[in-house]
Every structure is written in structure tokens, then in C-alpha cells.
Trainee: 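Quick one: the structure is below, questions incoming.
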Amino acid sequence: METIINNFLNEVASRNRNQPEFMQAVSEVVETVVPYIVSQKIYYGQNILLRMVEPERVISFRVAWIDETGEIRVNRGYRVEMNSAIGPYKGGLRFHPNVNLSVLKFLAFEQIFKNALTTLPMGAGKGGSDFDPKGKSDIDVMRFCQSFMTELARHIGPNRDIPAGDIGVGSREIGYMFGQYKRLRNEFTGVLTGKGLTWGGSLIRSEATGYGVVYFIENMLQHVGQTIEGKTVVVSGSGNVAQYAAEKAITMGGKVLTMSDSSGFIHDQDGINQEKLNYIMDLKNNQRGRIRQYIEQYPKASYHEGQTPWKIPCQIAIPCATQNELLEKDALHLIKNQCLAVGEGANMPSDHGAIHQFLNSKILFAPGKASNAGGVAVSGLEMAQNSLRFSWSREEVNERLKVIMNDIHQSCFVYGQEDQGINYVKGANIAGFVKVADAMLAQGVV
Ligand code: NDP
């Protein structure tokens with residue numbers, strides 16, 4: 001088996017040189033899916049995984065725009081249209097200086113499995129730009145978004161490819177891009193998700209990824225006779241996913257000790273309650289400030305420049321910032337401190353070594369493609385509401401989100417059985433693979 005896996009990885013690596021993040025995501029899937037394929041007659045010999053790792057289409061384009069000072073700026077835009085076997089391409093846009101093809105291909109590849117797990121008819125895509133919105137004025141962000149969409153518009157559409165937000169792309173950026181798409185096409189369609197509530201957005205979309213990850217963790221805990229109530233929780237990040245993961249953990253009785261940004265983390269031993277979280281939300285979403293400012297408001301808390309929060313003892317860890325933010329040494333700290341469960345809010349936040357430590361230690365470990373699927377699931381519900389020209393209530397969307405997260409947990413449970421318990425990585429990979437592979441087989445060699 002090891003030889004088959006290595007041969008496969010070598011073939012993929014030879015075609016994708018200098019794409020470490022993409023190869024990391026592929027390796028993680030291959031380790032569990034190849035043994036499954038070999039054991040199943042219908043999939044063996046069809047080269048389905050080899051087809052899945054090759055994007056259906058990659059678009060790369062120049063984004064030239066004029067900033068506030070009159071200077072001409074140039075960025076690079078991308079859209080990776082990865083797989084459309086079960087629906088139109090669907091996945092977020094990321095604006096961050098470290099965006100490159102390797103990062104977007106890893107995200108688009110993970111999206112194949114994640115979108116399949118939601119049970120909704122969505123294919124997989126991902127896109128973005130190396131544009132950095134941090135510290136830019138609203139005018140600069142708008143001009144960039146308009147220029148970016150001027151090119152992207154010809155490649156997307158409500159039945160073709162429906163982008164959403166991701167790192168650096170929140171409601172402000174979605175608004176500017178939607179406005180430009182509408183201007184170019186002269187049509188009002190649900191071409192983007194994460195829209196504002198008065199112009200086609202869905203209730204609970206902003207909350208969905210963070211809430212979903214906590215629902216998933218609660219599901220895992222319930223299977224071992226535990227709940228979130230009374231548990232200490234360490235959260236990384238302070239953006240969209242982190243804010244609502246913290247909010248739901250607090251509502252369910254957890255004690256949230258930390259939040260972070262790319263500069264460092266804050267540790268509040270008394271716990272971040274809803275009032276303190278509201279301060280962080282205002283700081284990040286409106287003032288666009290830094291997490292270190294928290295200790296000016298709450299001086300009993302401490303700030304740790306340039307560090308991640310994984311050494312803080314906790315029972316639940318929720319990484320919600322970015323890829324490879326939780327390394328093997330961090331996993332060892334969490335295990336030593338008797339952490340019970342890790343639920344990934346971010347995409348691929350744990351590196352290869354960390355995942356193996358979690359699996360070996362039998363900690364409850366939920367990979368992002370399962371535990372953070374709530375965001376894209378509610379995006380799917382936003383698309384459904386746009387098609388119906390109708391809006392569901394907050395309670396209705398939240399209930400649907402809960403059902404979807406329960407179903408994802410159940411799929412992982414079914415496919416992740418091992419002698420010593422549930423392997424959620426294996427469960428998520430195989431459950432996602434089966435759905436997409438069946439559709440690809442039915443559609444012939446494409
Ligand atoms: P935001 O841009 O709202 O927040 C990102 C957070 O992560 C910020 O606190 C940011 O800090 C921090 N961060 C970004 N880059 C780094 C870095 N290199 N090192 C340390 N911290 C960093 O993004 P989201 O909350 O939307 O996304 C967070 C993660 O969740 C990503 O992995 C994304 O792919 C994933 N995700 C998001 C979904 C969604 O619905 N939004 C859905 C599913 C997954 P700073 O402000 O300093 O940059």
C-alpha cells in the first residue's frame with residue numbers, strides 16, 4: 001500500500017512542482033482514500049483520484065487599479081475551478097499577500113470533499129488575490145474589488161461558479177464585488193454568497209462557519225458522554241470564523257480563554273464573555289484594529305506578541321486563523337495538557353505532524369473539511385433562497401445548519417470506524433470521496 005501511495009504522490013508532485021500547500025492537502029487525503037479505493041472494485045482502476053487532483057480549469061489574471069494617491073497598482077487574481085461533478089463551482093475568495101496557486105489549489109481541493117459532505121449540490125472552487133486589504137482605505141478596497149470583478153465576472157454566474165468570502169473578504173468586499181458584477185451584467189442574481197441581508201443574503205451566513213464548528217465539536221463530545229458546558233476553550237484568530245466559534249462556545253457554557261491575530265494572542269483567565277466578545281467584534285469589524293488593544297480595555301488579560309495560544313491549557317482547541325498555524329510541537333502541548341477535542345475552524349490549520357499526533361493520542365480531532373463546512377452549507381442555503389426569491393427565518397436557517405452538521409458528523413462516523421474508535425480524518429475523506437466519485441463515474445471520462 002505504501003508503494004501505491006508513494007507512486008501516486010510522486011506522479012502528482014512531478015506535475016505540481018513548488019506547490020507545498022497543495023501537496024500537503026493531497027497527501028492527507030491520499031493516505032486514507034487510496035486504501036479505500038483499492039478495497040472497492042467500482043473505484044479501483046478508474047484513476048478517479050488522479051482526475052480529482054487536476055483542476056478542471058485554472059484562471060489567472062492581471063488586476064490593475066488606481067489607488068487613492070493616483071498610483072497605478074498591479075495585483076494577480078485567480079479562480080481555480082476544481083470540480084463540477086455534483087454542482088456548480090463553489091468556494092470562497094481570499095485576499096491576502098501570501099495567496100498563490102499552491103494555496104488556492106489546496107483550498108479548492110479540500111472544498112471538493114467539504115462541499116460533498118454538506119449533502120448540497122455544490123461543486124468546488126476557490127479564488128482570490130495577493131491584494132492585502134489590511135490598512136487600506138475603503139476607497140482603495142472598492143477600487144480593487146471593482147477591477148478584480150471586471151475580469152472575474154466573465155468566468156462566474158449563478159449556475160456556473162458562485163464565489164463567497166474567505167480571509168480578507170468579508171461583507172464589505174462582497175458588497176463591492178456584487179455591485180460591480182450587477183453593473184457589468186445588468187442583472188440581479190445570486191452570483192456571490194455572503195451578501196447583505198437587504199440584498200439577497202441569508203440570515204446566519206456570517207455566523208455559520210463558527211457556529212457549525214462548535215456544533216460539530218458538541219457532536220463529537222456527546223459520543224463520548226461529554227458536552228461543551230463548563231469546558232475551557234482556546235480559540236485562535238479573531239476574524240469571522242473565530243468570532244462566531246467563540247460566541248457559540250460561550251452560549252453553550254464554554255469558557256473561552258484566548259483569541260489572536262497574525263501579531264499575537266490575548267489570554268483572559270476570567271474568560272471572554274459576550275460583552276468582551278462584542279468589544280472584539282467592534283474592534284475587528286468596525287475599527288479594523290489589532291487584538292493587542294484588548295488589554296487596554298481589559299487590563300487583567302495578557303498579550304503575547306508573536307505567539308500562538310496552544311500552550312495555554314484547555315479542554316477544547318479551535319484553530320480559526322489560517323493554514324499550518326498549529327504545528328506538531330503545539331499538538332504535543334495540547335495532548336500533554338489533556339485537551340479532549342480539537343475542531344478545525346480554519347482550513348488545514350494543523351500540519352501533517354500535528355494531525356498524526358492527534359490521531360495517535362486518540363484525542364477527538366475534527367478536520368476542517370468536516371467541521372468548518374457550516375459556512376459553505378449556509379452559502380448553499382443562501383443560493384436556494386435566492387432561487388426561491390424567499391428568505392428563511394434565523395431559527396429556520398440555524399436548524400438546517402444544525403441538521404447538516406449532525407449529518408456530516410454521522411457520515412464521518414460511518415466511514416471513519418477503526419478498531420480503537422472513530423478516525424474523523426478518514427471518515428471525512430472517504431465520505432466526501434464516495435459522493436463525488438460516484439457522480440464522476442456516472443458522467444463518463446471527463
Ligand atoms: P478573516 O479574514 O475574517 O480572519 C482571519 C483571522 O486569521 C484574522 O484574525 C487574521 O489576523 C488571522 N490570520 C490570517 N493570516 C494569518 C497568519 N498568517 N498567521 C496568523 N493569523 C493569521 O478570515 P475568516 O475568519 O473568514 O477565515 C479564517 C479561516 O477559516 C481560513 O482558514 C478560512 O479559509 C477558513 N474558513 C472560512 C470560512 C468562512 O465562512 N469565512 C468557511 C470555511 C473555512 P490578521 O487580522 O492579523 O490578519
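Just so you know, ligand 1 is whichever comes first in the structure, and atom 1 is the first atom listed for that ligand.
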Trainee: What part of Lys134, side chain from CB on, backbone N/CA/C/O, both or neither, has a heavy atom under 4.0 Å from ligand 1?
Mentor: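 Answer for Lys134: side chain.
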Trainee: Distance to the ring centre below 6.0 angstrom and angle to the axis at most 45 degrees; does that hold for Lys136 and Phe131?
Mentor: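 Cation-pi check for Lys136 and Phe131: passes.
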Trainee: Taking only heavy atoms of Cys320, which atoms of ligand 1 are found under 4.0 Å from at least one of them?
Mentor: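 Reading through ligand 1 atom by atom, the close ones are 28 (C), 29 (C).
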Trainee: How far is atom 33 (C) of ligand 1 from its nearest protein heavy atom, and which residue and atom name does that atom have?
Mentor: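 Scanning the protein heavy atoms, the shortest distance from atom 33 (C) of ligand 1 goes to Asp166 OD1, 3.1 Å.
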Trainee: Around atom 4 (O) of ligand 1, find the nearest protein heavy atom and jot down its residue, atom name and distance.
Mentor: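 Nearest neighbour among protein heavy atoms for atom 4 (O) of ligand 1, to 0.1 Å: Gly239 CA, 3.3 Å.
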Trainee: Please identify which atoms of ligand 1 are closer than 4.0 Å to at least one heavy atom of Arg94.
Mentor: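 Result: 31 (C), 32 (O), 33 (C), 34 (O).
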Trainee: Among Glu31, Glu328, Glu28, Gln24, which one satisfies side chain to side chain donor-acceptor pair (under 3.5 Å) with His352?
Mentor: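 By the side chain to side chain donor-acceptor pair (under 3.5 Å) criterion, His352 pairs with just one of Glu31, Glu328, Glu28, Gln24: Glu31.
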Trainee: Heavy-atom contacts under 4.0 Å between Arg205 and ligand 1: side chain, backbone, both, or neither?
Mentor: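 It is the side chain that gets close, since no backbone atom is under 4.0 Å.
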Trainee: With nothing but distance in play, are any N or O atoms of Asn347 less than 3.5 Å from an N or O of ligand 1?
Mentor: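 By distance alone, the answer is yes.
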Trainee: Once ring-ring contact (aromatic ring centres under 6.0 Å, His included) is applied, do any residues pair with His223, and if so which ones, sequence neighbours excluded?
Mentor: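 Partners of His223 under the ring-ring contact (aromatic ring centres under 6.0 Å, His included) test: His409, Phe413.
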Trainee: For atom 45 (P) of ligand 1, what's the nearest protein heavy-atom neighbour? Residue, atom name and distance, please.
Mentor: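 The closest heavy atom on the protein side is Ser262 OG, 3.5 Å.
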Trainee: Working to the nearest 0.5 Å, report the span between CZ of Phe106 and CG of Asn347.
Mentor: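 If we round to the nearest 0.5 Å, Phe106:CZ and Asn347:CG are 5.5 Å apart.
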Trainee: Which heavy atom of the protein is the closest neighbour of atom 25 (O) of ligand 1, given with residue, atom name and distance?
Mentor: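 Nearest protein contact, heavy atoms only, for atom 25 (O) of ligand 1 is Val241 N, 2.9 Å.
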Trainee: Taking the side chain as every heavy atom from C-beta outward, state whether Phe358 and Leu326 have any pair of such atoms under 4.5 Å apart.
Mentor: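 The answer is yes; the side chains approach within 4.5 Å.
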Trainee: So which atom in Val256 and which in Ala249 form the shortest heavy-atom distance, rounded to 0.1 Å?
Mentor: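 What the structure gives for the nearest pair is CG2-CB, 4.0 Å.
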Trainee: Nearest protein heavy atom to atom 42 (C) of ligand 1, by residue and atom, and its distance?
Mentor: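 Of every protein heavy atom, Thr209 OG1, 3.3 Å lies nearest to atom 42 (C) of ligand 1.
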Trainee: Which atoms of ligand 1 have any heavy atom of His96 under 4.0 Å away?
Mentor: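 Answer, ordered by atom number: 15 (N).
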Trainee: Looking at Tyr415 versus Phe433, is the centre-to-centre ring distance below 6.0 Å?
Mentor: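 Ring centres of Phe433 and Tyr415 not closer than 6.0 Å.
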Trainee: Report, in ascending order of atom number, the atoms of ligand 1 lying under 4.0 Å from any heavy atom of Gly237.
Mentor: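 Here the atoms of ligand 1 in question are 9 (O).
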Trainee: Out of all atoms in ligand 1, which are within 4.0 Å of some heavy atom of Gly168? Include the element for each.
Mentor: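 Counting atoms of ligand 1 from 1, those under 4.0 Å from Gly168 are 2 (O).
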Trainee: Once the angle between the rings of Phe265 and His267 is folded into 0 to 90°, is it parallel (under 30°), tilted (30 to 60°) or perpendicular (over 60°)?
Mentor: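 Rings of Phe265 and His267: tilted, 30 to 60°.
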Trainee: Please state whether Arg290 comes within less than 4.0 angstrom of ligand 1, counting heavy atoms only.
Mentor: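 Yes; Arg290 lies near enough to ligand 1 that a heavy-atom distance drops under 4.0 Å.
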Trainee: Do Glu151 and Arg154 meet the salt-bridge criterion of a basic N to acidic O distance under 4.0 Å?
Mentor: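 Yes, this pair counts.
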Trainee: Hey, what do you get for CD (Glu382) to CG (Leu203), rounding to the nearest 0.5 Å?
Mentor: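 These two atoms lie 10.0 Å from each other.
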Trainee: Begin with the C-alpha distance, continue with both residues' side-chain angles, and end with the deciding distance and a verdict on side chain to side chain contact (heavy atoms under 4.5 Å, CB included) for Thr322 and Arg94.
Mentor: CA-CA 11 Å; Thr322 193; Arg94 178 176 290 192; 4.2 Å; yes
Trainee: Would you kindly specify which portion of Pro349 sits under 4.0 Å from ligand 1, judged on non-hydrogen atoms: side chain, backbone, both or neither?
Mentor: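 For Pro349, no heavy atom sits under 4.0 Å from ligand 1.
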Trainee: Centroid-to-centroid, Phe148 to Tyr78, below 6.0 Å?
Mentor: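 Aromatic pair excluded; centres sit 6.0 Å or further apart.
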Trainee: Should you measure from each heavy atom of Ser260, which atoms of ligand 1 turn up under 4.0 Å away?
Mentor: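 Answer for ligand 1: 9 (O).
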Trainee: Which residue and non-hydrogen atom of the protein lie closest to atom 13 (N) of ligand 1, and at what distance in Å?
Mentor: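 Ranked first by proximity to atom 13 (N) of ligand 1 is Ala321 CB, 4.1 Å.
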Trainee: Considering only heavy atoms, which of Asn372, Thr322, Ile167, Asp132 lies nearest to atom 18 (N) of ligand 1?
Mentor: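 Minimum heavy-atom distance to atom 18 (N) of ligand 1 goes to Thr322.
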Trainee: One residue to check: Asn240. Relative to ligand 1, which of side chain, backbone, both or neither has a non-hydrogen atom less than 4.0 Å away?
Mentor: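 It is both parts that get close, each with some atom under 4.0 Å.
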Trainee: Just which atoms of ligand 1 are under 4.0 Å from any heavy atom in Ser238?
Mentor: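 Those of ligand 1 that fall under 4.0 Å from Ser238 are 9 (O).
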